[in-house]
2 protein chains.
Amino acid sequence: MGADLALLLLGGFRALADAATAELARRGHVDFRPSHDFAMRAIAAGASNASDLARRLSVSKQAAAKTIALLQERGYVARADDPHDARRKLLEVTPLGRSVLREGEAIFDELRSRWERQIGAGELTRLETSLTTLLGPSALRPDESGWITHELDEPSS
Amino acid sequence: MGADLALLLLGGFRALADAATAELARRGHVDFRPSHDFAMRAIAAGASNASDLARRLSVSKQAAAKTIALLQERGYVARADDPHDARRKLLEVTPLGRSVLREGEAIFDELRSRWERQIGAGELTRLETSLTTLLGPSALRPDESGWITHELDEPSS
DNA sequence: CCTTATCGACAACCTAGTTGTCTAAAGGAG
DNA sequence: CTCCTTTAGACAACTAGGTTGTCGATAAGG
């Protein structure tokens, strides 16, 4: 049935995202969600102020500002005055921010390896190839292609 | 990279869910989201009151009550007094509710066929088999296995 | 009969968004 | 150099979809 396909895809994402969130929490990054990761990556990739970040994430400036405030509060990004434009506040990823990004990548890689061991490297590559064909390569660039997720709930975990 | 896998799965779900939501809207069911569908199916499957629905969806009674209020307001479910228990309000799926469920199924089936034409029936079955292996069969029963999604955003669409 | 459990409603709050309004600063046209 | 427009970011007020805690009414069991 068609709906089952959607459920499988969602279930797959949630399994990975929940496991990653839980593992990050275990390592001290409590409540660091996928959307925070997206935002951090956009900042690391060059979004140097709130308005720019908003554009890259395709959300309102206000939503971006709230995310920045949260990331700043937790020490993942820092804001400084822009010497060339008094309106702007320059965004910067802190060492803590860089470490959470690195750890996030490592965790996802580890989760992928786990799946590889379960169904085989070939089968997993095949799955990725199929999905890439279906979605187009733009699916991998959320911060440039104009979609962003709402947060997915933490289950009982 | 591991994170890409997660993005592909999320992208796949979103592609299906957004297309289905848009198509339902086109057919007159405006703002009918996946979570409404989950709730309706749980009711159709026997959740006959708010507390029961809450348990099946693994959310609080209050969250279930809000969803019911919305579905009732739009005419998808009806509530009547329970003759055997004055505390309960019996939930019932209206003809309109049944029709939206039928249409939802048909739309998802059609979307799946479209994917089948793109990558081939064998490849799609393979993808579903892999995901089922990875997630276990419980992934297909969201209303019984204890997870529910937050809503996913409508993108620019 | 009385205690305990359950149903559904209420108020208050959280998170992650939205739009609209506003000030201050930047920058281009004349 | 001065206007006019654009931009950055902050504020308030709102929405959706959740949460917890409280409460009154009803049901059910010792």
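Quick caveat, the model's predicted, so the values are computed rather than measured. Naming convention: chains lettered A, B, ... in sequence-line order (proteins, then strands); numbering from 1 in each chain.
- Taking atom CD on B:Q72 and atom P on C:dA9, their separation rounds to 9 Å, with Å as the unit.
- Rounded to an integer number of Å, the gap from CG of B:D81 to P of C:dA9 is 10 Å.
- Separating the CD atom in A:E116 from the CD atom in A:E123 is a distance of 12.0 Å, to the nearest 0.5 Å.
- Atom CZ of B:R79 is separated from atom P of C:dC7 by 14 Å (rounded to the nearest Å).
- In this structure, CG of A:L53 is placed 10 Å from P of D:dG9, rounded to the nearest angstrom.
- Under 3.5 Å, the side chain of A:K61 and the base of D:dG9 form at least one donor-acceptor pair of N or O atoms.
- Between the CG atom of A:D82 and the P atom of D:dG9 there is a distance of 9 Å, given to the nearest Å.
- With values rounded to the nearest 0.5 angstrom, B:L90 atom CG is found 11.0 Å from B:D52 atom CG.
- The CG-P distance, from A:L57 to C:dT18, rounds to 10 Å in whole Å.
- A:L127 and B:S130 make their closest contact through CD1-CB, 3.8 Å (heavy atoms, listed as atom of the first residue, atom of the second, distance).
- A straight line from CZ of B:R55 to P of C:dA5 spans 15 Å, rounded to a whole angstrom.
- Regarding B:I68, its CD1 atom lies at a distance of 12 Å from the P atom of C:dC7, rounded to whole Å.
- Between A:R117 and A:E110 there is a salt bridge, since at least one side-chain N of the basic residue sits less than 4.0 Å from a carboxylate O of the acidic one.
- If one axis is set at each end of the helix from C:dC1-D:dG30 to C:dG30-D:dC1 from five pairs, those axes are 10° apart, to 10°.
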Hey, what are the protein-to-nucleotides 25-28 of chain D N/O distances that come in under 3.5 Å?
{"from": "D:dT26", "atom 1": "O2", "to": "B:R87", "atom 2": "NH1", "distance (Å)": "3.3"}
{"from": "D:dA27", "atom 1": "OP1", "to": "B:A86", "atom 2": "N", "distance (Å)": "2.8"}

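- Separating the OG1 atom in B:T67 from the OH atom in B:Y76 is a distance of 14.0 Å, to the nearest 0.5 Å.
- For the atom pair CD1 (B:I119) and CG (A:L131), the distance works out to 7.5 Å, reported to the nearest 0.5 Å.
- With distances taken from any side-chain atom of B:H36 to the nucleotides C:dG8, D:dA8, D:dG17, the minimum falls on D:dG17.
- Using a 4.0 Å heavy-atom distance criterion, B:A50 is classed as a sugar-phosphate-only contact.
- At a threshold of 4.0 Å, the pair B:D82-B:K89 does not count as salt-bridged, since none of the basic side-chain nitrogens sits closer than that to a carboxylate oxygen.
- Salt bridge present: A:E23 and A:R26 bring a charged side-chain N and a carboxylate O closer than 4.0 Å.
- Comparing C:dT18, C:dA16, D:dG9 by their nearest atom to the side chain of A:K89 picks out D:dG9.
- Closest-nucleotide positions on DNA chain C for B:K66 and B:S51 were compared, and the one nearer the 5' end corresponds to B:S51.
- A donor N or O paired with an acceptor N or O is found under 3.5 Å between the base of C:dG20 and the side-chain atoms of A:Q62.
- Around the CD atom of B:E92, the shell of radius 6.0 Å holds no more than 12 heavy atoms that belong to other residues, nucleotides or ligands.
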